[in-house]
Amino acid sequence: MNILVINAGSSSLKYQLMNPDTGDVTAKGLCERIGLDGRLTHKVPATGKKVEKDIPMPTHKEAIEAVMAILVDPEDGVIKSVDEIDAVGHRVLHGGDKFVASCLIDEACKQAIRDCIPLGPLHNPANLMGIEACEKAMPGKPQVAVFDTAFHMTMPPKAYRYAIPTKYYTDDHLRRYGFHGTSHRFVSKRCIELMGGVENAHRVIVCHLGNGSSLSAVKDGKCQDTSMGLSPLAGVPMGTRAGDIDTCVAQFIMNKYNMSADECLTMLNKKSGVLALSDGVSSDFRDLDAAAEQGNQAAQLALDKFAYEVRKYIGAYAAALEGLDCLVFTAGVGENSATMRASICEGLEYLGIKIDPEKNKTRGEEAIISTPDSKVTVWVIPTNEELMIAQDTAALCK
Ligand code: ADP
C-alpha cells in the first residue's frame with residue numbers, strides 16, 4: 001500500500017510517500033515559498049537521490065501538482081501513475097472538541113475543520129488548502145485528516161477546563177486542547193508495546209522535546225493531561241515560544257510599549273523561549289550547547305531553565321498519575337541530547353528515576369537509558385508522526 005502523507009503549512013508543504021505496514025519511505029520532500037515563488041526539494045531515500053527545482057507555486061494547488069508530477073516523473077519519480085497512491089493522509093492542527101480520532105474527509109469533515117479556524121488561525125486554513133488541492137489533483141482519492149489535538153481528547157474536565165467564567169468554555173470552546181498528539185500517541189503506544197503490555201506501563205509521561213515541546217501524562221494508553229493549551233504557546237519554554245507565563249506580563253508590555261495583542265503574541269511565539277533567554281544566541285539546542293560550553297552564561301541559563309521547567313512538569317504529572325512507570329524522551333532534543341536528558345532527570349531519584357550515564361549516550365534509536373534498579377523505566381523512543389498518519393489513513397480506507 002502507498003499512502004501519501006501531507007503536512008501543509010501557510011507557505012510550505014511537506015510530503016512523504018510511505019508504506020504504512022513497513023514504515024518504508026519511498027519518497028519525501030518539501031515545497032517552500034508557496035505564494036512567493038516556489039521551490040521543490042524531492043528525495044528518494046532508497047537511492048539517496050535529491051532533486052531541487054524552482055517551480056512557480058502561487059497557491060497550494062500548484063505545490064500539490066508539482067509533487068504529483070515529480071512522483072510520477074520517469075527520471076526522478078518513484079511510481080508510474082498517481083493510481084498507485086492508495087490514499088492521502090493530512091496532518092491537521094486543530095480538531096477543536098469535534099474530533100476525538102482521525103476521520104475520512106468529506107464535506108462535513110471539511111466544514112468542521114473550517115469551524116475550528118478561530119482556534120487554529122495560523123494552521124487550519126493551510127491544512128484545508130492542502131486538502132482541497134489534493135481533491136483537485138486526485139479527484140475521488142480517499143483522504144483522511146489526522147488531528148494534532150485528537151489524542152488529548154480523553155483528558156478529564158479538571159485537566160482541560162480553564163478557571164475562567166463558564167461561558168468562555170460553552171460559547172467559545174476555550175479550553176486546554178494540547179498538540180503534538182500524533183507524536184504522543186505514537187510514542188506512548190510504542191512504549192506500552194516495548195514494555196510488553198499496558199500492565200507494565202500503566203503510568204507514562206512522554207516528553208516531546210524539539211523546537212516546539214510538550215509533555216503528556218498517559219494512563220493505560222489514554223491522555224490525562226498535557227502541557228500545551230488552547231494553542232501551542234503554553235507549557236515549557238521552547239525554541240522561540242515563552243511557554244507558561246503570567247498574563248499580566250503581556251498586559252504590562254502591551255500597555256507600556258503600545259503593542260497590540262497580536263503583536264505581543266507574535267513576540268511571545270517567535271521571539272521568546274530559549275532564543276530570548278540566551279540573549280539571542282539561538283533557538284537551536286545544539287548552538288546553545290556549543291555556546292554554553294564556551295562559557296556563555298545566557299546560553300547556560302536558557303538550558304538550565306528549559307531542563308528545570310521540564311523537570312517540574314514531570315513532577316506534576318507523576319502526581320497527576322499517582323506514580324510513574326515509564327518516562328519517555330522523544331523528538332529532536334529528546335532523542336539526541338544526552339546532556340539535556342541527564343540535566344532534566346537530575347534530582348529525580350526520589351521519584352524512582354535513575355539514569356545510566358553510559359546508556360544515556362544513545363542517539364536517535366529506541367533504548368532504555370535507566371539503570372536496572374531504577375523504579376521508573378526511562379526510554380528514548382524516536383517519534384514518527386508520518387507513520388502514525390499513514391497507519392490511520394490505511395485503517396480508515398480499508
Ligand atoms: P520540530 O519541533 O521543528 O519538529 P525537532 O523535533 O526536529 O523540531 O527538534 C529540533 C531541535 O532538536 C533543534 O532545537 C535541534 O537543535 C535539536 N537537536 C537535534 N539534534 C540535537 C543534538 N544532538 N543535541 C541537542 N539538540 C539537538
Side-chain angles (χ1 to χ4, degrees), residues 5-16 25 28-30 32 41 43 91 93 122-123 126 146 148-149 178-187 190 206-216 226-228 231-243 269-278 280-294 296 299-300 302-307 309-310 328-345 355 357 360-367 369 380-389:
V5 176
I6 299 284
N7 183 355
S10 54
S11 67
S12 70
L13 185 147
K14 290 187 208 144
Y15 64 93
Q16 284 199 10
V25 177
K28 63 184 199 177
L30 169 69
E32 290 170 286
T41 309
K43 292 180 191 165
R91 179 180 187 181
L93 182 86
L122 298 179
H123 295 83
V146 179
D148 251 28
T149 47
F179 299 89
H180 294 137
T182 314
S183 174
H184 286 283
R185 178 157 59 105
F186 180 86
V187 168
R190 186 72 190 127
V206 177
C207 307
H208 175 113
L209 311 178
N211 195 23
S213 295
S214 65
L215 285 88
S216 65
T226 190
S227 58
M228 285 178 166
S231 84
L233 180 55
V236 296
M238 307 174 211
T240 63
R241 293 190 194 119
N269 269 304
K270 302 229 155 104
K271 296 189 176 156
S272 300
V274 292
L275 172 68
L277 276 170
S278 66
V281 169
S282 181
S283 62
D284 189 301
F285 283 78
R286 283 165 294 201
D287 298 339
L288 294 174
D289 278 341
E293 192 105 328
Q294 303 276 313
N296 186 308
Q300 188 60 55
L303 293 168
D304 290 347
K305 169 83 175 165
F306 181 78
E309 296 297 338
V310 173
V328 190
F329 288 100
T330 195
V333 180
E335 290 167 29
N336 293 298
S337 177
T339 48
M340 184 48 75
R341 290 191 298 253
S343 173
I344 290 167
C345 293
I355 299 288
N360 188 33
K361 287 181 180 158
T362 188
R363 277 191 63 181
E365 52 184 27
E366 285 177 353
I369 58 166
V380 170
I381 301 180
T383 192
N384 194 339
E385 292 164 275
E386 289 77 14
L387 178 57
M388 191 89 261
I389 293 171

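Remember, predicted model here, so these are calculated numbers, not experimental data. Note that ligands are numbered from 1 as they come in the structure, with each ligand's atoms numbered from 1 the same way.
Counting only heavy atoms of the protein, atom 17 (C) of ligand 1 lies nearest to Val333 CG2, 3.7 Å. Here the protein heavy atom with the shortest distance to atom 25 (C) of ligand 1 is Ser337 CB, 3.6 Å. Among protein heavy atoms, the minimum distance from atom 16 (O) of ligand 1 is reached at Asp284 OD1, 2.3 Å. Of all protein heavy atoms, the one closest to atom 27 (C) of ligand 1 is Arg286 CG, 3.7 Å. Distance from atom 22 (C) of ligand 1 to its nearest protein heavy atom, with residue and atom name: Asn336 CB, 3.5 Å.
The closest approach between any non-hydrogen atom of Glu335 and ligand 1 is not below 4.0 Å. Residue contacts with ligand 1: Gly212 is included, with a non-hydrogen atom under 4.0 Å away.
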Query raised in the report: Given the rule in the side chain to side chain contact (heavy atoms under 4.5 Å, CB included) test, do Glu366 and Ile381 qualify, once you have shown the distances and angles that lead to the verdict?
Result: CA-CA 5 Å; Glu366 285 177 353; Ile381 301 180; 4.2 Å; yes

Should Arg286 and Asp284 be marked as a side chain to side chain contact (heavy atoms under 4.5 Å, CB included) after you check the CA-CA gap, both sets of side-chain angles, and the distance that decides it? CA-CA 6 Å; Arg286 283 165 294 201; Asp284 189 301; 3.0 Å; yes

Go through the steps for Tyr15 and Val5 under the test side chain to side chain contact (heavy atoms under 4.5 Å, CB included), then give the verdict. CA-CA 5 Å; Tyr15 64 93; Val5 176; over 6 Å; no

Worksheet item: Would Met228 and Asp148 satisfy side chain to side chain contact (heavy atoms under 4.5 Å, CB included), going step by step from the backbone distance to the final call?
Response: CA-CA 11 Å; Met228 285 178 166; Asp148 251 28; over 6 Å; no

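Using cut-offs of 30° and 60° for the angle between ring planes, the His208 and His184 rings count as tilted.
Ligand 1 has no nitrogen or oxygen under 3.5 angstrom from a nitrogen or oxygen of Leu209. Among the atoms of Asn211, some N or O lies under 3.5 angstrom from an N or O of ligand 1. Considering backbone and side-chain atoms alike, Phe285 places an N or O below 3.5 Å from some N or O of ligand 1.
Side-chain contact between Ser12 and Leu30: present, with at least one pair of heavy atoms (C-beta onward) separated by less than 4.5 Å. Residues Thr362 and Arg341 form a side-chain contact, since some pair of their non-hydrogen atoms from C-beta on lies under 4.5 Å apart.
Checked for salt-bridge contact, Lys14 and Glu386 miss the test: no charged N lies under 4.0 Å from a carboxylate O.
Atoms of ligand 1 lying under 4.0 Å from at least one heavy atom of Ala331, given by number and element, are 6 (O).
Under 4.0 angstrom from ligand 1, the non-hydrogen atoms of Arg363 all belong to its side chain.
Ranked by closest heavy atom to atom 7 (O) of ligand 1, the top entry among Gly332, Pro232, Ser214 is Gly332.
Each of Val328, Ile369, Thr330 was evaluated against Val380; a single residue qualifies, Ile369, per the side chain to side chain contact (heavy atoms under 4.5 Å, CB included) test.
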